[in-house]
Amino acid sequence: VNFLSYVQLTSLALPSLTHSKGCLVVVSSLLGRVPTSFSSPYSAAKSALDGFFGSLRRELDVQDVNVAITMCVLGLREGASASEGVR
């Protein structure tokens, strides 16, 4: 659901974004790039986002479509709450 929802929303928005020369901002997670124990499905979905939007960016560039794609990879927050979350 996590990955497929991004693909479906992008497919629906792409014609409008192409017309308006818009941009996509994709928010992902560090777990898509750094594997950890007991997070396989989530890590796989976030890794798939990176691959899909990286490939889409290249395809749009080759087709000379002026839609910007920015990938934001969020990491751990500093502080006690992040430490507690990791435990």
Side-chain angles (χ1 to χ4, degrees):
V1 170
N2 198 336
F3 171 69
L4 291 178
S5 62
Y6 274 82
V7 173
Q8 289 175 339
L9 289 171
T10 301
S11 298
L12 293 171
L14 201 53
S16 178
L17 290 170
T18 301
H19 179 71
S20 65
K21 299 179 182 171
C23 63
L24 283 170
V25 177
V26 182
V27 180
S28 189
S29 169
L30 187 62
L31 289 179
R33 298 187 181 193
V34 179
T36 62
S37 301
F38 308 109
S39 65
S40 301
Y42 184 79
S43 294
K46 294 307 177 178
S47 181
L49 283 178
D50 191 39
F52 174 75
F53 284 103
S55 295
L56 181 61
R57 182 186 295 137
R58 298 267 185 208
E59 290 174 16
L60 295 175
D61 188 42
V62 167
Q63 296 173 9
D64 203 28
V65 175
N66 194 9
V67 173
I69 298 177
T70 302
M71 289 287 296
C72 298
V73 178
L74 305 178
L76 295 175
R77 299 179 311 183
E78 291 193 33
S81 62
S83 297
E84 288 296 321
V86 171
R87 283 190 211 155

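Residues V65 and L17 fail the side-chain proximity criterion, which asks for heavy atoms closer than 4.5 Å. Using a 4.5 Å cut-off on side-chain heavy atoms (C-beta onward), T70 and C23 make no contact. Side-chain contact check for T10 versus F53: some heavy-atom pair is nearer than 4.5 Å.
A continuous path of Ile, Leu, Val, Met, Phe, Trp and Tyr side chains, each step under 4.5 Å between heavy atoms, connects L4 with M71, placing both in one hydrophobic cluster. V34 and F38 are assigned to two separate hydrophobic clusters, defined by single-linkage of ILVMFWY side chains at heavy-atom distances under 4.5 Å. Hydrophobic clustering, with ILVMFWY side chains joined whenever heavy atoms are under 4.5 angstrom apart, keeps V7 apart from L12. When the side chains of ILVMFWY residues are joined at heavy-atom separations under 4.5 Å, either directly or via intervening members, Y42 and F3 end up in two distinct hydrophobic clusters.
To the nearest 0.5 Å, atoms CG (D61) and CZ (R57) are separated by 10.0 Å. Atom OH in Y6 sits 11.0 Å away from atom CG in L24 (nearest 0.5 Å). Between the CG atom of L9 and the CG atom of L14 there is a distance of 12.0 Å, given to the nearest 0.5 Å. The distance from the CG atom of L49 to the OG atom of S5 is 8.0 Å, given to the nearest 0.5 Å.
In terms of heavy atoms, K46 sits closest to G32 at CB-CA, 3.6 Å. The heavy-atom pair separating L30 from G75 by the smallest distance is CB-CA, 4.0 Å.
S43 places a side-chain N or O within donor-acceptor distance of the main-chain N or O of L31, the cut-off being under 3.5 Å.
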